[in-house]
Amino acid sequence: MGGGGGGPLRLARSPALLSPAPSMAAAARDHLPAAGLDEADEAVRGTCEDASVCKRFAVSVGYWKDPYIQYFVRQAKERKAPEINRGYYARVHGVSYLLKAFLKKTECNCQIVNLGAGMDTLFWRLKDENLLPRKYFEVDFPMIVARKIHNIKSKPPLSKPIMESHSGESLLIDSHSLDSSRYSIIGGDLRFSSDLEEKLKKHNLDIQLPTLLIAECVLVYMTPQQSANLLKWAASTFPVAMFINYEQGKHLFHSLSEVNMTDRFGQIMIENLQRRQCNLAGVEICRSLDSQRERLLVNGWETAHAMDMMKVYSFLPQADVKRIEGLEFLDEKELFEQLMQHYCLCWASKDSSNLGLASITF
């Protein structure tokens with residue numbers, strides 16, 4: 001794969017496209033000297049802004065509706081390429097499809113834990129659709145959480161829905177955490193799951209409730225051991241749970257396994273991030289869909305699926321796909337397909353209550 005002259009070289013001019021845009025889970029603590037760790041974490045935090053700006057631009061063009069993202073991030077100074085916008089459309093709608101299937105199976109009698117949530121607006125959008133779980137948690141670096149809390153406190157369109165869904169005593173809020181009866185945001189480090197669990201329980205995490213955990217471009221910034229620890233903690237803590245992971249992955253090409261993070265396209269992606277001191281500490285797990293599935297199964301999950309984003313895109317509601325494809329002209333479809341085949345959506349479940357989580361698929 002990789003395609004002749006133009007594709008990857010053109011991509012090198014589009015850092016936002018190449019950035020996996022996580023908001024938490026950092027480069028390897030055990031691969032970096034102490035002095036380099038803060039710098040690496042800062043680089044990862046910076047990609048949170050990239051992702052938010054890209055999402056806001058796609059929303060402004062009409063790819064999907066999100067009336068809340070404008071309160072968290074500035075409008076992009078320049079247009080984003082159509083392939084970036086379509087990629088984010090597939091990401092947002094792919095995760096949303098699985099999430100809503102989980103909410104339907106549990107009849108919203110559940111909780112959601114968004115790991116490395118950044119400036120995500122999912123809580124507000126779910127409230128608008130009357131699909132709020134019993135409680136919605138977000139976790140991210142304390143610095144990102146402090147910024148998000150500041151925005152929530154200072155902007156009524158964000159604070160009002162939290163107040164409307166709150167019952168009981170006054171909200172608990174400080175610089176690095178906010179806790180209401182339906183929404184919590186917590187500053188923490190996903191590399192330390194025992195510390196994470198303690199903080200979540202202080203904000204009334206109920207381990208007996210069916211729990212959906214979401215990680216978008218998060219695990220790839222951890223070492224394989226760190227991400228394994230997090231997945232193992234989640235699988236062992238919640239009797240009924242689902243884990244959704246979006247990040248780099250692989251695709252099948254003419255029925256042969258092709259290692260897409262080691263082809264030329266994947267190398268450009270990695271080099272682009274390394275120029276920003278942003279290392280993909282967990283990239284070895286991204287070598288194939290099989291390695292992505294295997295990681296989930298060996299760390300305690302009962303079922304696991306992985307699908308490249310081009311395949312996910314093909315399963316999205318085709319009437320809406322046709323609508324968004326009419327928004328902008330895409331002159332290099334091969335480039336878009338290459339990009340999508342370098343990312344995947346993985347999901348896993350364990351279901352002691354037999355709610356039917358194993359049957360969730362596209």
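Throughout, numbering of the chain's residues begins at 1 and tracks the sequence.
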Spacing of [atom1] belonging to [X] relative to [atom2] belonging to [Y], to within rounding of 0.5 Å:
X    : Y    : atom1 : atom2 : answer
R295 : K232 : CZ    : NZ    : 12.5 Å
Y313 : E337 : OH    : CD    : 10.0 Å
T106 : L209 : OG1   : CG    : 9.0 Å
L158 : M163 : CG    : CE    : 14.0 Å

Examine distances only and state if a side-chain atom of [X] and a backbone atom of [Y] form a donor-acceptor pair shorter than 3.5 Å.
X    : Y    : result
R86  : A81  : no
S359 : G356 : yes
N245 : C346 : no
D140 : I144 : no
H166 : S181 : yes
R182 : R134 : yes
S96  : H93  : no
Q111 : D206 : yes
K148 : D120 : yes
Q226 : T223 : yes

Quiz prompt | Plane angle bin for Y183 and F123 - parallel if under 30°, tilted between 30 and 60°, otherwise perpendicular | solution =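 The rings of F123 and Y183 sit tilted, inter-plane angle from 30° to 60°.
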Quiz item: What is the ring orientation for F362 with F315, classed by angle as parallel under 30°, tilted 30 to 60°, or perpendicular over 60°?
Solution: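 Geometry flag for F315 against F362: parallel rings.
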Would you check if [X] and [Y] make a side-chain contact, meaning some heavy-atom pair closer than 4.5 Å?
X    : Y    : value
L230 : L115 : yes
K201 : I207 : yes
E138 : I186 : no
W301 : W347 : no
F137 : L205 : yes
L103 : L212 : no
L213 : W233 : yes

Quiz item: Can K160 and E164 be said to form a salt bridge (charged side-chain N to carboxylate O under 4.0 Å, His left out), step by step?
Solution: CA-CA 6 Å; K160 194 176 171 212; E164 287 172 350; 3.7 Å; yes
Quiz prompt | Under the ring pair (Phe, Tyr, Trp, His ring centres under 6.0 Å) test, residues paired with Y71 that sit two or more places apart | solution =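 With neighbours one apart ignored, the set is empty.
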Practice problem: Step by step, work out the salt bridge (charged side-chain N to carboxylate O under 4.0 Å, His left out) result for K135 and D179. | Solution: CA-CA 10 Å; K135 187 144 186 183; D179 187 32; 2.6 Å; yes
Exercise. List the steps and the verdict of side-chain hydrogen bond (donor to acceptor under 3.5 Å, both in side chains) for D308 and Y343.
Key: CA-CA 6 Å; D308 78 52; Y343 286 87; over 6 Å; no
Quiz prompt | Nearest heavy atoms of I149 and H176, plus distance in Å | solution =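 Result for this residue pair: CD1-C, 3.8 Å.
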Can you establish whether the number of heavy atoms outside [X] located under 6.0 Å from its atom [atom1] is more than 12?
X    : atom1 : answer
K202 : NZ    : no
K311 : NZ    : no
E107 : CD    : no

Practice problem: Taking atom types as modelled, find out whether E247 and Q292 have a side-chain donor-acceptor pair closer than 3.5 angstrom. | Solution: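 Yes - a donor-acceptor pair under 3.5 Å links their side chains.
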Exercise. For S177 and D174, test the side chains for any donor-to-acceptor distance below 3.5 angstrom and give the result as yes or no.
Key: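 Result is yes, a qualifying pair exists.
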Side chains of residues 62-69: which donor-acceptor pairs under 3.5 Å do they make with residues two or more places apart or in other chains?
residue: Y63; atom: OH; partner: E328; partner atom: OE1; Å: 2.4
residue: D66; atom: OD1; partner: Y68; partner atom: N; Å: 3.0
residue: D66; atom: OD1; partner: I69; partner atom: N; Å: 3.3
residue: D66; atom: OD1; partner: T121; partner atom: OG1; Å: 3.3
residue: D66; atom: OD2; partner: T121; partner atom: OG1; Å: 2.6
residue: Y68; atom: OH; partner: D128; partner atom: OD1; Å: 3.0
residue: Y68; atom: OH; partner: D128; partner atom: OD2; Å: 2.6

Exercise. Tell me whether F336 is reachable from F329 by hopping between hydrophobic residues (I, L, V, M, F, W, Y) whose side-chain heavy atoms are closer than 4.5 Å.
Key: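 Looking at the clustering, F336 is in a separate group from F329.
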